[in-house]
Amino acid sequence: MTSDTTSDTSTSEPGRGERYAPRSIEVAWQARWERDDLYRTPDHVEGRPNRYHLTMFPYPSGDLHVGHWFAMAPSDTLARYFRMRGHNVMFPMGFDAFGLPAENAALKGGLHPADWTRGNIERMRGQLKSMGATFDWSREVNTSAPEYYKWTQWWFTQLFKQGLAYRKNALANWCPSCNTTLANEQVVDGRCERCDTLVEQRAMEQWFFAITKYAEELLHNEDLDWPEHVKTMQRNWIGRSEGAEAAFALESPTAEGVDEIRVFTTRPDTLHGVTFMVLAPEHPLVTQITTSDHLDAVRAYQERASHATEIERLSTEREKTGAFTGAYCVNHLTGDRVQIWVADYVLASYGTGAVMAVPAHDQRDFDFAKKYGLPIKVVIAPPAIDGKPWDGSDFAEAWTAEGTLVASKQFDGMPNVGAKKAVANYMAEHGWGGSTINYRLRDWLISRQRYWGAPIPIVYCDDCGPVTVPEEQLPVELPYDVEFVPTGQSPLALSEEFVHTTCPQCGKPARRETDTMDTFMCSSWYYMRYPDPQDAEAAFSRASADTWLPVDQYTGGSEHATMHLLYARFFYKVARDLGLVPGDEPFTRYFSQGQILGPDGRRMSKSRGNVVAPDDQVEKWGADTFRAYLMFLGPWDQGGPYDVDSIVGVSRWLNRVWNVVTDPPALVDDAARGKALRRSSHATLQKVTEDLEAKRFNTAIAAMMELTNDMQRLRDEGTADEAAWTEAVRLLTLMLAPPCPHIAEELWSRASGTYSVHQQSWPDYDPAAIVRDTVDLVVQVNGKVRDRIEVATDADEAAARATAEGTPRIAEQLAGKDLVRVIYVPGRLLNFVVR
RNA sequence: GCCGAAGUGGCGGAAUGGCAGACGCGGUCGACUCAAAAUCGAUUGAGGCAACUCAUGUGGGUUCGAGUCCCACCUUCGGUACCA
C-alpha cells in the first residue's frame with residue numbers, strides 16, 4: 001500500500017489486473033491523513049481566506065445512522081471542494097450530548113446517563129472517522145462536558161443580566177402516576193407512554209427567555225442566503241399581525257380588583273359587532289369571574305380541555321365547544337352587555353388569551369354562535385350585487401370579505417379596511433386600547449424538570465430573591481450520584497448536597513434552582529465555540545469570533561427550519577448586543593437537506609425493521625461507494641429511500657474508474673479522437689463544478705459516470721490519444737477527490753507519485769474545448785416534433801429554415817398549409833406554426 | 001387544522017417554458033465460462049406492421065410550445081414550541 005510510504009516517490013507500477021480493494025485503501029489513507037494532521041485547521045494560513053463550513057452536530061444516541069452520513073458526506077464533499085478552491089476551510093464536529101434519551105436509557109437499562117453518553121460518543125466518533133471526512137477533531141465540542149456547559153450557564157447569566165430571562169407560571173404535561181413531567185413526545189393520545197395514565201396539565205414556575213423582544217429583527221431575514229421556504233416558515237412562525245388591543249369592562253369587577261378583559265383583534269373594524277367574549281380555559285380570570293351556578297360546568301370544561309393537544313384545539317374542522325361563565329362584560333363602543341364564555345379554541349399563550357367574538361364576520365365565531373344560540377350582529381354590509389344593495393337578511397355563513405360599516409354609529413358608511421385604523425384610534429383616545437402588533441411567536445420556555453441537562457445557574461435567597469451564580473463559581477456541576485426514580489421533582493431536588501448552598505450576594509443559606517436547561521440552549525451557541533474550543537477564560541474570544549464567524553455554510557435537516565435555527569439567530573443577536581461577535585446573523589448561507597428513508601420509503605426505525613446500518617454498508621462497499629451513493633440517490637434537499645440494491649451501480653462505477661485508470665488503452669497520437677475526449681472531460685468538469693457550487697451532487701456524480709463510460713469505450717476500442725487521455729485521467733481524479741477522497745488519493749498517488757490530491761487546486765475547464773461546430777436542431781410543426789436536422793452552431797434563422805424545409809418529412813407537413821409564424825430558438829429548435 | 005415541501009417508466013431519479021425519461025437499479029437477449037459469479041455489449045415508458053398516437057397525481061387555464069407558469073383539488077412527507 002502506497003500510503004505506508006513516507007516519501008513522495010510511491011511510483012509503484014500500475015498493476016494490470018489488480019482489483020479495486022476499497023477497504024484496504026481507505027483504512028490506510030485515513031491513517032496517513034490522521035498521522036499527517038491533514039485536516040487540522042489553523043486559524044490563519046497565508047494566502048488562503050478562511051471559510052467556516054458547519055453541519056449540524058449529532059445527538060449521541062448510540063450508533064451512527066445512515067441519516068448522519070446523508071447529512072455529513074455531502075457537507076464534507078463541499079468542504080473539500082472549497083479547500084481545493086483555495087480556502088482555509090474549518091469543518092468541525094461535536095456532540096449535542098444532553099437530552100431525554102440518556103435518561104430513558106438510565107431508567108430502562110440502569111446505566112448512568114453520563115456513562116451511557118460517554119460510551120456512545122466514543123463509538124460514534126470512531127464511526128464518524130470511517131467516513132474519511134475532513135473533520136478537525138482537535139476542535140471537538142461535547143455539550144455535556146463541564147468545560148462546555150459552564151459557558152451555557154454563563155449564557156443564562158448574560159441573558160438574565162440583559163433582562164431577557166424571567167420566571168412565570170407555565171403549564172407542563174404531568175403524569176400523576178409516574179409523578180413526573182413528560183415531554184410532548186412521551187404523551188401518546190393524551191396518555192403517558194410508560195403507564196398509559198391520562199396526562200394532565202400542571203402549572204409551575206418556569207424560566208423563559210424573551211425571544212419576542214427580537215421578533216421584529218428575526219422577521220427580517222430577506223438578506224440571508226437561505227432557501228426561500230425556510231425563510232417563509234420562519235416568518236410565518238413569528239407570525240406578525242397588525243391589529244388592536246381592546247378593553248371590555250367587566251360588569252362585576254373581581255375580588256382581586258380586575259375590572260376589564262383585554263383582547264387582541266386584527267379586526268377592530270368589527271368591534272361594534274361583538275356579541276360575546278371567549279376566554280381560554282386556562283385564563284387566570286376564569287375562576288375569578290365564573291358565577292357559582294356555572295362553576296361546576298366550567299370546571300368540568302377546563303378539566304376536559306386540559307387533555308386536548310394544542311393541535312386538536314386549533315383544528316378548524318373539530319366541532320367548537322365551550323361553557324358559559326355566567327359573567328358579562330360591556331362593550332365600551334356600544335354599551336352592549338355580552339356573555340363571557342370559555343372555549344378551548346382560544347389559547348392562553350397567544351395574544352392576551354381572550355378573544356372578542358364577532359360571529360357575523362368570523363367563521364369560527366359564527367359556528368360557535370349558531371351552536372350555542374348566541375346573537376349575530378352584522379356591522380359590515382357586503383357590497384351591492386348587480387346594483388342591488390345587501391337587503392339586511394341573515395347570513396348563511398360569516399361575511400369575512402370587504403364591505404361597508406353599518407350599525408357602527410359614527411363609523412357607518414366607512415369602507416371596513418379604512419375603519420380599522422379609525423376605530424383603533426377612537427379606542428386609544430378613550431383609553432380603551434388602540435393599535436398594536438401581535439406576534440404568534442412565544443417566549444422561549446427553557447426550564448426542564450430533568451437531570452441530564454445543564455443546571456440553571458440560579459440560587460434562591462429569602463432576602464435577595466433569585467440570584468445568578470457568579471462566573472467564577474461556574475460551572476454549577478451536575479452531581480453524579482442521583483436518584484432517578486420519579487418523585488414529582490427534578491432529580492436534582494433530591495440531592496441535598498446540590499440544593500443547599502449559600503447566597504452569592506449575602507452569604508445566607510439558600511437553595512439552588514433544580515431545573516435544568518432546554519438542550520436547544522446548548523445548540524444555540526455551539527458554532528461560536530468551535531473557533532475557540534479550549535478557552536477556559538471565556539465562552540470564546542472576540543478574536544476567534546472575528547477570525548471565523550459568521551458561519552459561511554451551514555447544512556442540516558429541514559426539521560430544524562424553525563426552532564433550532566430561530567433560537568440560534570436569537571442567541572447570535574444577543575451576542576452581538578453584548579459586543580461578542582461580528583455582524584447580525586450566525587449563518588450567512590444555509591442549506592436544508594432532506595431525510596433519508598428506509599428501503600420501504602418510510603422513516604427508518606427499529607420498530608419498523610427497516611434500519612440500514614452504515615457500518616455494514618462501509619464494510620460491504622467501502623466508504624467512497626457509500627458516500628457517492630448517498631449523493632447519487634437523489635437531490636440532496638429532498639432525501640429519499642435508501643435502496644440496498646441500487647448502491648451496486650455506484651460500486652460498479654468506481655470499479656470502472658479504477659480499471660480505466662490503472663489499465664488504460666494503448667496511448668497513441670490521435671488528434672481527432674483526442675478532441676472528442678477533451679470535449680467530454682472539459683464538459684464534465686464544467687458540469688461538476690456548477691453542480692458542486694449548487695449542491696446538486698446527484699447530477700455531478702452522473703456526469704462523472706458519463707465521462708467514465710466514454711473512457712471505457714476508448715479502452716474497449718484499444719487506443720486513445722495520449723495527451724487527451726492523460727488529461728482526462730487527471731481531471732477525473734481531481735473531480736473525484738471531494739466526493740470519493742480515498743480512491744482519488746490512491747489513483748492520484750499512482751499516476752503522479754505525489755501526495756496529496758487533497759492539497760491540489762480545483763482545475764479550470766477550457767471553454768474552447770467544449771465548443772461544437774454543429775448542433776442538432778429539433779424541427780416542430782405546430783409544436784410537435786417532426787424531424788431533427790444538423791446545422792452549424794451559429795446558423796441564423798434563414799439557414800436553419802432552408803435546411804428544415806428541404807427535408808422530405810417537413811416538406812410533406814408544410815405542403816398545402818398556410819405558414820402563420822416561425823419560431824427559432826438557436827441551438828434548440830425551429831417551430832413552424834401552420835393553419 | 002395551520003405553516004413548508006414533494007408527486008415523472010417496474011424502482012431511485014434527469015430535464016435555463018423548447019427532443020420527457022440523462023445517470024443508475026431491475027428486466028430481456030448476447031459474449032466470455034463445463035457452469036455460475038464477476039465483467040463486457042445490445043435492448044428496455046405504453047399502444048401500433050408503420051405513419052403515428054398516448055403518457056410527468058387530478059381537473060381547468062395561459063402559451064407557437066407546459067413536467068416546468070397560473071387557479072382549484074387529491075395524496076404523501078417535515079414542523080407545530082418538552083425528541084433532537
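Below, read A as the first sequence line, B as the second, and so on, with proteins coming before strands; counting in each chain starts at 1.
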Separation of the C1' atoms in B:A22 and B:C74, to the nearest angstrom: 30 Å

Closest-nucleotide 5' rank along RNA chain B - winner of A:Q712 and A:V833: A:Q712

Distance test, side-chain N/O of A:R652 to OP1/OP2 of B:U39, below 4.0 Å: yes

Nearest listed nucleotide, side chain of A:P635, among B:A14, B:A84, B:C25: B:A14

Whole-angstrom distance between B:U43 and B:C25, as gauged at atom P: 16 Å

Shortest side-chain distance from A:D776, nucleotide among B:G26, B:C19, B:A14: B:C19

Minimum-distance nucleotide to A:E559 side chain [options: B:A84, B:G26, B:C83]: B:A84

Electrostatic pair A:E559:A:R603 at N-O distance under 4.0 angstrom: no

A:V778 side-chain proximity, nearest of B:C25, B:C19, B:A14: B:C19

Closest to side chain of A:V825, choosing from B:G18, B:C19, B:G78: B:G18

A:N698 side chain near B:A14 phosphate (N/O to OP1/OP2, under 4.0 Å): yes

Nucleotide B:C2, atom P - distance to CD1 of A:I311 in whole Å: 13 Å

C1'-based separation of B:G41 from B:G47 [nearest Å]: 29 Å

With A:Y526 via ring-ring contact (aromatic ring centres under 6.0 Å, His included) - residues at least two apart: A:F57, A:Y530

Touch class at under 4.0 angstrom, heavy-atom based, for A:R696 against every strand present: nothing

Aromatic contact, A:F520 with A:W444 (centres under 6.0 Å): no

Any N/O donor-acceptor pair, A:N236 side-chain to B:C3 base, under 3.5 Å: no

Touch class at under 4.0 angstrom, heavy-atom based, for A:D637 against every strand present: nothing

Given B:G78, B:G41, B:C23, the nucleotide with the shortest approach to the side chain of A:Q595: B:G78

Aromatic A:W237 / basic A:R440 pairing, under 6.0 angstrom, 45° off normal: yes

Selected nucleotide, minimal atom distance to A:H560 side chain, candidates B:G26, B:A84, B:G12: B:A84

Side chain A:D362, main chain A:T400, donor-acceptor under 3.5 Å: no

N/O (side chain, A:T519) to phosphate O (OP1/OP2, B:A84) under 4.0 Å: yes

Between P of B:U76 and CD of A:Q638, the distance in whole Å: 18 Å

B:C40 OP1/OP2 closer than 4.0 Å to side-chain N/O of A:R656: yes

Distance between P atoms of B:G9 and B:G1 (Å, rounded): 27 Å

Distance, rounded to the nearest Å, where A:Y642 contributes OH and B:G13 contributes P: 15 Å

A:R603 side chain near B:G78 phosphate (N/O to OP1/OP2, under 4.0 Å): yes

Closest to side chain of A:H229, choosing from B:G4, B:G79, B:A38: B:G4

B:A55 and B:C29, which share atom name P, separated by this distance in whole Å: 32 Å

Nucleotide B:G13, atom P - distance to CG of A:D645 in whole Å: 15 Å

Set of residues satisfying side-chain contact (heavy atoms from CB on, under 4.5 Å) with respect to A:S680, sequence neighbours excluded: A:T684, A:L707, A:D710

Heavy-atom donor-acceptor pair, A:Y214 side chain to A:F571 backbone, under 3.5 Å: no

For B:G10, glycosidic torsion class - syn if within 90° of 0, otherwise anti: anti

Minimum-distance nucleotide (side-chain atoms of A:E185 versus B:G4, B:C23, B:C83): B:C83

Residue whose closest nucleotide on RNA chain B lies nearer the 5' end, A:E706 versus A:R448: A:E706

Base B:G1 paired with A:E312 side chain (donor-acceptor, <3.5 Å): no

Rounded distance in Å - CD (A:Q593) to P (B:C77): 19 Å

Touch class at under 4.0 angstrom, heavy-atom based, for A:W444 against every strand present: nothing

Options B:U53, B:G18, B:G78, nucleotide nearest the side-chain atoms of A:N831: B:G18

Donor/acceptor link under 3.5 angstrom from A:R788 side chain onto base of B:C19: yes

